[in-house]
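Single-structure report; data block below.
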Amino acid sequence: MNFELAEQSIQYTFGNKRYTNGLKSRMIKNVKRGAAAEDLKKVGQAIAGLQEDSLDDAILVQKQRVIEAAE
């Protein structure tokens, strides 16, 4: 058995006192395979800047399918 990447997304957590508990999370789906961590961070920082928030966290979420191993 092996794993095959089925879906990849990024969850950003933004900080601002106007949010409940000071934090707001946003999920962006369909992140391409091989996306660089630095690039994902830059996107999060750009979104945070547009919202006048801080970027508090970025989590890459991967869903992998279990498949039969090729012989």
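By convention here, the first residue in the shown sequence is residue 1. Values below: every heavy atom of this structure, side chains too, minus hydrogens, waters and symmetry copies.
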> Cluster question for you: counting only ILVMFWY and a side-chain heavy-atom cut-off of under 4.5 Å, with indirect links fine, are Val43 and Leu60 together?
Replying inline: yes
>> Looking at Arg18, I want to see if its CZ is surrounded by more than 12 non-hydrogen atoms of other residues, nucleotides or ligands under 6.0 Å.
In response: yes
> Are Ile59 and Ile47 in one and the same hydrophobic cluster, where Ile, Leu, Val, Met, Phe, Trp and Tyr link if side-chain heavy atoms are under 4.5 Å apart?
Replying inline: no
> Which pair of heavy atoms, one from Asp56 and one from Gly15, lies closest together, and at what distance?
Replying inline: OD2-CA, 3.5 Å
> Minimum heavy-atom separation for Gln51 to Asn16, with atom names?
Replying inline: O-ND2, 4.3 Å
> Minimum heavy-atom separation for Leu5 to Arg33, with atom names?
Replying inline: CB-NH2, 3.1 Å
>> Using side-chain heavy atoms (C-beta onward) and a distance below 4.5 Å, is Phe14 in contact with Leu55?
In response: yes
> Same cluster or not: are Ile67 and Met1 linked, directly or through other Ile, Leu, Val, Met, Phe, Trp or Tyr residues, by side-chain heavy atoms under 4.5 angstrom apart?
Replying inline: no
>> Using 0.5 Å steps for rounding, measure from the OH atom of Tyr12 to the NZ atom of Lys41.
In response: 11.0 Å
> Do you know the tightest heavy-atom contact between Ala48 and Ser54?
Replying inline: CB-C, 4.1 Å
> What residues form a salt bridge (Lys or Arg N to Asp or Glu O under 4.0 Å) with Glu4, not counting sequence neighbours?
Replying inline: Arg65
> Going from CD1 on Ile10 to CE on Met27, what distance comes out if it is rounded to the nearest 0.5 angstrom?
Replying inline: 9.0 Å
>> Among Gln62, Gln64, Lys63, Lys29, which residue satisfies the side-chain hydrogen bond (donor to acceptor under 3.5 Å, both in side chains) criterion with Gln8?
In response: Gln62
> Hey, any chance Leu40 and Ile28 share a hydrophobic cluster, counting ILVMFWY side chains that come within less than 4.5 Å of each other, even indirectly?
Replying inline: yes
